[in-house]
Novice: 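This is the structure I have questions about; it appears just below.
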Amino acid sequence: MQKPSVPQGTRDFAPAVVRKRQYIFNTLKTMFERYGFQPIETPAMENLETLMGKYGEEGDRLIFKILNNGLHEKKDKARNTLMEEWEKVTSRSYSSTAVTERALRYDLTIPFARFVVMNQNDIAFPFRRYQMQPVWRADKPQSSRYREFWQCDADIVGSNSLINEAELLHIYCGAFDQLKVPVAVKVNSRKMLAGLAELCGAPEKMMEITIALDKLDKIGWTGVEKELTERGIEETGRNTIHRIIQTTGTNAEKLVAFGEIMQASEIGKAGVEEIKKTLDYYAALGGNTEHQLKVDISLARGLNYYTGIIVEVVCTDPNGAVGSIGGGGRYDDLTGLFGLKGISGVGISFGVDRIYDVLQKLDLFPAHLDSGAKIFILNLGGENEIYGLSLLRKIREAGLNAEMYADAAKFDKQMKYANKRGFAYVIIPGDSEREQNKVSLKFFLTGQQQLVGIDECVNVLKIAEQNNMNA
RNA sequence: GAGGUGGUAGCUCAGCUUGGUUAGAGCAUCAGAUUGUGGUUCUGAGGGUCGAGGGUUCGAGCCCCUUUCGCCUCCCCA
């Protein structure tokens, strides 16, 4: 017998897990809808060229490529070329567009950009969309890192207003408040980082400086300084960077300090200004800008399409540490890659699988998640079967969830099944009950049992469920 | 790409250091105690190519080599 397994980095979800995941999806969906976002869905696979070159070198490597099924269909010379390329691919580390011309989606942002370009005539801009679908990365799995995982994205395209940024920050803070996860939403700006590079006299080295700076938490200033030196940043530049990361205080105080340091850089000043303005809008929408939001110049974010504000969410409870659980930012002209110029966008993403892990670690799932059917009818065979089914129908018509055991198995076995499934009510339609046109209704949690008529039974259940909902 | 650790019953694992009759436990399943009353008990039963291949040995789950798959860490990310 072959031992069954799922592919590396993927998981099955048992009923109880799906219920919990749905709790997260529903919370996010409600939030997105509240802010006026509309749902879309895109295919699991994209053309490889749609994805390549959008996520940086590392990202390209992690794209799951799909075998070209033409390998089995084409009959001409093209097939021979395919076979030759296939030989090369299978014999060594080699990638060929003849062999793979499609790939599994790596995130939801790039497919969304493609969607916008393709549907530009039908879309009313600014367009707010949300999307909740799985993505795939050919990464090596680790704890809280999967090869198949779900993202929930909200993006707005076709508007440059920083009100959009403020709204998305509200969605972040609001959603995690509802989920009761303590978070810090780090906010930075690519423009500030560009300004920093300018002040270092090395504007072309923005990405390198950013990558070094991103490690501040892990390797400290001495480590960062060493790395900056290795990357060719002069001492005056390093001192400027040191000065800026030493800035402490409230977000407002930090921004004042950043503004002073950035005096000599136009783009740096613009970065400071846009964060300031975003926070002003945020406050106008009713948020406390000093609560969860943390202006953090060391925040990097690898995706190279970001151009404006960038954000990242982490859980602040050390017991719930699983890396970042959300991220996003503004990308000017992302659709320009697909031929639609002048459309700016901004978006955020929720990492559902990691949020699940956090909720699980911190024990934050509600105690009473809907567990499905609560009413169970025993199958006592013979005429009782039909009797039971007619009752089942009436219960369902009353809008209640119910099921009946399909086999006339032993009484004991059916009761054990009911216990394991966690039904709240068990109905016993046996010979003696049927002869009186009644049933025994057992309250499974207390063990109490009563003999009731059919209609009464439905009513009792209806009232009990009503009370349960209100409680 | 680099390192660590593991694979034994359907599931979770013990056994390995020190090779030696028929490889164990808990949970789960099935049957019975109890023919129409679940959770707790008690009794019994079924279930194993010990990841795969090779080597050493009179003898290998255990020692050696090769290989494969999983988990974890670094890098990077959600």
Side-chain angles (χ1 to χ4, degrees), chain A residues 1-12 14 24 28 55-63 93 105-109 132-153 172 183 210-211 214-215 218-219 227 299-304 311-315 321-328 347-358 376 378-382 384 405 408-434 439-451:
Chain A
M1 184 189 69
Q2 186 192 342
K3 255 207 166 171
S5 64
V6 295
Q8 184 185 36
T10 68
R11 293 136 321 139
D12 288 325
I24 300 173
L28 296 180
Y55 307 109
E57 205 179 316
E58 179 76 3
D60 281 355
R61 260 196 337 108
L62 298 181
I63 292 172
S93 178
R105 117 187 112 216
Y106 180 89
D107 72 354
L108 301 179
T109 307
M132 309 198 293
Q133 290 190 282
V135 302
W136 294 269
R137 295 185 189 175
D139 210 351
K140 218 169 178 182
Q142 290 169 36
S143 78
S144 292
R145 175 180 305 198
Y146 311 100
R147 288 186 136 182
E148 177 184 65
F149 59 98
W150 286 65
Q151 291 193 327
C152 296
D153 279 28
Y172 258 157
V183 293
T210 302
I211 289 165
D214 188 43
K215 296 178 185 164
K218 286 177 184 166
I219 60 180
E227 204 157 310
L299 170 66
R301 302 229 21 101
L303 265 37
N304 53 15
V311 296
E312 185 165 288
V313 185
V314 293
C315 176
V322 296
S324 72
I325 52 181
I348 56 172
S349 177
F350 290 82
V352 173
D353 302 78
R354 286 194 175 172
I355 293 170
Y356 180 95
D357 291 345
V358 171
F376 180 63
L378 262 60
N379 181 340
L380 296 171
N384 299 322
Y405 207 80
K410 291 175 78 170
F411 202 93
D412 181 62
K413 185 173 176 171
Q414 296 192 47
M415 288 299 273
K416 278 183 174 156
Y417 171 80
N419 186 56
K420 201 164 180 180
R421 280 290 305 277
F423 291 108
Y425 315 100
V426 170
I427 297 168
I428 303 161
D431 292 333
S432 58
E433 285 90 352
R434 181 170 44 81
V439 293
S440 291
L441 173 60
K442 187 180 174 84
F443 295 83
F444 221 50
L445 302 178
T446 61
Q448 284 177 325
Q449 189 171 322
Q450 51 182 276
L451 191 65

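Just so it is clear: chains get the letters A, B, ... in the order the sequence lines come, proteins before strands, and each one is counted from 1.
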Novice: Decide yes or no, distance alone: a donor-acceptor N/O pair under 3.5 angstrom between the base of rU37(B) and the side-chain of Gln414(A).
Specialist: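 Flag unset: no donor-acceptor pair detected.
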Novice: I'd like a list of close polar pairs between nucleotides 39-44 of chain B and the protein, N/O only, cut-off under 3.5 Å.
Specialist:
| from | atom 1 | to | atom 2 | distance (Å) |
| --- | --- | --- | --- | --- |
| rG39(B) | O4' | Asn419(A) | ND2 | 3.1 |

Novice: What distance, rounded to whole Å, do you find between the two P atoms, one in rA28(B) and one in rU40(B)?
Specialist: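 Roughly 8 Å separates the two P atoms.
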Novice: Holding to side chain to side chain donor-acceptor pair (under 3.5 Å), I want the full list of residues that pass it with Asp139(A), two or more places apart in sequence or in another chain.
Specialist: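 In terms of side chain to side chain donor-acceptor pair (under 3.5 Å), with neighbours along the sequence ignored, Asp139(A) is linked to Arg145(A).
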Novice: Show me the dot-bracket string of RNA chain B, counting Watson-Crick or G-U pairs under 3.5 Å, with | for pairs to another strand and [ ] for crossing ones.
Specialist: (((((((..((((......[...)))).(((((.......))))).....(((((..]....))))))))))))....
Novice: Excluding sequence neighbours, so at least two apart, what forms side chain to side chain donor-acceptor pair (under 3.5 Å) with Asp357(A)?
Specialist: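 Once residues adjacent in sequence are excluded, the partners of Asp357(A) under the side chain to side chain donor-acceptor pair (under 3.5 Å) criterion are Ser144(A), Tyr146(A).
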Novice: Could you check which of rA28(B), rG36(B), rA78(B) has an atom nearest any side-chain atom of Lys420(A)?
Specialist: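 That would be rA28(B).
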Novice: Checking contacts here: which listed nucleotide (rC74(B), rC76(B), rA78(B)) is nearest the side-chain heavy atoms of Lys215(A)?
Specialist: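 Looking only at side-chain atoms, Lys215(A) lies closest to rC76(B).
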Novice: Side chain of Lys140(A), heavy atoms from C-beta onward: which of rU37(B), rA2(B), rC76(B) has the nearest atom to it?
Specialist: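 Ranking rU37(B), rA2(B), rC76(B) by closest atom to the Lys140(A) side chain puts rA2(B) first.
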Novice: Nearest to the side chain of Arg354(A) - rC74(B), rC77(B), rU37(B)?
Specialist: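 Looking only at side-chain atoms, Arg354(A) lies closest to rC77(B).
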Novice: Sequence neighbours left out, what passes side chain to side chain donor-acceptor pair (under 3.5 Å) with Lys413(A)? Give chain and number order.
Specialist: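 Lys413(A): no side chain to side chain donor-acceptor pair (under 3.5 Å) contacts found.
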Novice: Identify which nucleotide among rC77(B), rU37(B), rG3(B) has an atom closest to any side-chain atom of Arg137(A), counting heavy atoms from C-beta outward.
Specialist: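 Ranking rC77(B), rU37(B), rG3(B) by closest atom to the Arg137(A) side chain puts rC77(B) first.
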Novice: Determine whether Leu380(A) and Arg434(A) satisfy the following criterion, side chain to side chain contact (heavy atoms under 4.5 Å, CB included), listing intermediate values before the conclusion.
Specialist: CA-CA 11 Å; Leu380(A) 296 171; Arg434(A) 181 170 44 81; over 6 Å; no
Novice: Looking only at side-chain atoms of Tyr146(A), point me to the closest of rA78(B), rG32(B), rG36(B).
Specialist: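 For Tyr146(A), the side-chain atoms sit closest to rA78(B).
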Novice: rU29(B) and rU67(B): how far apart are their P atoms, nearest whole angstrom?
Specialist: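 Comparing P positions in rU29(B) and rU67(B) gives a spacing of 42 Å.
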Novice: Please confirm whether the backbone N or O of Trp136(A) pairs with a side-chain atom of Arg147(A), one donor and one acceptor, at under 3.5 Å?
Specialist: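 Not at all, since once roles are kept as given, no pair shorter than 3.5 Å links the two residues.
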Novice: Between rG38(B), rU73(B), rG36(B), which one does the side chain of Lys442(A) approach most closely?
Specialist: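 Of the candidates, rG38(B) comes closest.
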Novice: What's the closest nucleotide to the Gln8(A) side chain, out of rC74(B), rC71(B), rU37(B)?
Specialist: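 For the Gln8(A) side chain, the nearest candidate turns out to be rC71(B).
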Novice: Could you list the residues that satisfy side chain to side chain donor-acceptor pair (under 3.5 Å) with Glu312(A), not counting sequence neighbours?
Specialist: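 Residues passing side chain to side chain donor-acceptor pair (under 3.5 Å) with Glu312(A): Arg301(A).
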